[in-house]
Q: 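Below: one structure in structure tokens.
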Amino acid sequence: MCGGDEVPERPTRKDSDDPDCVLFVTGGYSRLFLCVFGLPFTFGGLLALVTTVREFQGSLVTAGVVSLLALGIAHTSVGCGILWVAFCSSEWIRFDRLHGLVTKRTGIRGLHRFSKASLSDFSEVSILPVANKWQSRDDFDIALTGPDYKHFPIGRVTLSYGLAREFGQEVATFLGLPLH
């Protein structure tokens with residue numbers, strides 16, 4: 001809906017048969033539909049750039065070259081931004097109490113980034129406000145924190161401190177840690 005309020009986002013808990021493991025997902029494969037828009041924008045922009053370079057040697061006027069060049073740069077930028085959201089912003093956070101591990105996977109098929117940490121290194125779950133220079137909304141990072149400034153980000157909640165607290169409390173309860 002245009003002009004409507006944005007829906008707050010928080011990581012979603014996925015059901016598990018193992019009572020000692022829990023999985024939270026942000027984004028996920030549902031963002032793949034963005035590829036339908038990202039690929040044409042990117043390839044259309046690249047085509048405009050290639051056409052500009054090839055035709056520049058011919059008899060195009062300067063205004064046409066500048067217009068096509070601007071169109072190519074704009075479409076390529078928008079397409080790459082959409083593809084980045086589709087492929088790189090999804091996160092899976094898995095807490096395994098039995099093995100004492102937290103595992104974070106960012107990205108989707110073929111573009112994974114992994115990070116792991118031991119749950120014994122952390123003593124609390126913290127809600128940290130994020131300063132947004134370019135946006136007028138409130139974002140909150142939820143992280144495992146511990147002594148010696150150990151910090152492991154586990155998710156970001158947008159637009160609502162209440163949802164950040166709800167997500168942080170859910171993780172803290174599962175791990176048996178205090179929420180700060």
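Worth knowing before you read on, the calculation uses all heavy atoms, side chains too, and leaves out hydrogens, waters and symmetry mates. All of these numbers come straight from a predicted model, not from anything done at the bench.
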Q: Measure the CD1-CG distance between Ile142 and Leu163 for me, rounded to the nearest 0.5 Å.
A: 10.0 Å

Q: Do Leu101 and Ile154 land in one hydrophobic cluster if side-chain heavy atoms of ILVMFWY residues count as linked below 4.5 Å?
A: no

Q: State the NZ-CZ distance between Lys116 and Arg105, to the nearest 0.5 angstrom.
A: 12.0 Å

Q: Return the set of residues passing side chain to side chain donor-acceptor pair (under 3.5 Å) with Thr103 (not counting sequence neighbours), or none when no residue passes.
A: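 For Thr103, no residue satisfies side chain to side chain donor-acceptor pair (under 3.5 Å) once neighbours in sequence are set aside.
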
Q: Taking side-chain contact (heavy atoms from CB on, under 4.5 Å) as the test, write out the residues that go with Asp18, two or more places apart.
A: Ser16, Asp20, Cys21

Q: Decide side chain to side chain contact (heavy atoms under 4.5 Å, CB included) for Asp96 and Val22; before the verdict, give the C-alpha distance in whole Å, the side-chain angles of both, and the deciding distance to 0.1 Å.
A: CA-CA 7 Å; Asp96 186 348; Val22 68; over 6 Å; no

Q: Between Ser123 and Gly146, what is the shortest heavy-atom contact and its length?
A: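 Heavy atoms of Ser123 and Gly146 come nearest at OG-CA, 3.7 Å.
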
Q: Report yes or no: does Arg156 contribute a side-chain atom to a donor-acceptor pair with the main-chain N or O of Val130 at less than 3.5 Å?
A: no

Q: Looking at every non-hydrogen atom in both residues, tell me the closest pair between Ile127 and Arg165 and how far apart they are.
A: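 Smallest heavy-atom distance, with atoms named: CD1-CA, 3.6 Å.
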
Q: Are Asp141 and Val157 side-chain neighbours, meaning at least one heavy-atom pair lies under 4.5 Å?
A: no

Q: Not counting sequence neighbours, which residues clear side-chain contact (heavy atoms from CB on, under 4.5 Å) with Ser115? List them please.
A: Lys104, Phe152

Q: Output all residues satisfying side-chain contact (heavy atoms from CB on, under 4.5 Å) with Ile73, sequence neighbours left out; order by chain, then residue number.
A: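 In terms of side-chain contact (heavy atoms from CB on, under 4.5 Å), with neighbours along the sequence ignored, Ile73 is linked to Leu49, Leu69, Ser77.
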
Q: Tell me, please, which residues at least two apart from Thr76 pass side chain to side chain donor-acceptor pair (under 3.5 Å).
A: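 Not a single residue meets the side chain to side chain donor-acceptor pair (under 3.5 Å) criterion with Thr76.
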
Q: Just jot down the side-chain contact (heavy atoms from CB on, under 4.5 Å) partners of Asp121, sequence neighbours excluded, or say none.
A: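 Partners of Asp121 by the side-chain contact (heavy atoms from CB on, under 4.5 Å) criterion, ordered by chain and then number, come out as Ser118, Lys150.
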
Q: Is there side-chain contact between Leu144 and Val102, with at least one heavy-atom pair below 4.5 Å?
A: yes

Q: List the residues meeting ring pair (Phe, Tyr, Trp, His ring centres under 6.0 Å) with Phe114, not counting sequence neighbours, and say none if there are none.
A: His112

Q: Could you check whether any side-chain heavy atom of Glu124 comes within less than 4.5 Å of a side-chain heavy atom of Leu179, counting everything from C-beta outward?
A: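 Glu124 does not reach Leu179 side chain to side chain.
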
Q: Before you tell me yes or no, could you show the steps for Phe122 and Thr145 under side chain to side chain contact (heavy atoms under 4.5 Å, CB included), namely the whole-Å CA-CA distance, both residues' side-chain angles and the distance that decides it to 0.1 Å?
A: CA-CA 5 Å; Phe122 304 103; Thr145 54; 5.5 Å; no

Q: State, with a plain yes or no, whether a side-chain heavy atom of Leu175 is found less than 4.5 Å away from one of Arg97.
A: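 Leu175 reaches Arg97 side chain to side chain.
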
Q: Tell me, which pairs form a ring pair (Phe, Tyr, Trp, His ring centres under 6.0 Å) where one or both residues lie in residues 158-180, sequence neighbours left out?
A: Phe24-Phe167, Phe140-Tyr161

Q: Which pairs, with at least one residue in residues 166-177 and sequence neighbours excluded, count as a salt bridge (Lys or Arg N to Asp or Glu O under 4.0 Å)?
A: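 Salt bridge (Lys or Arg N to Asp or Glu O under 4.0 Å) check on residues 166-177 returns Arg10-Glu166, Arg10-Glu170, Arg13-Glu170.
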
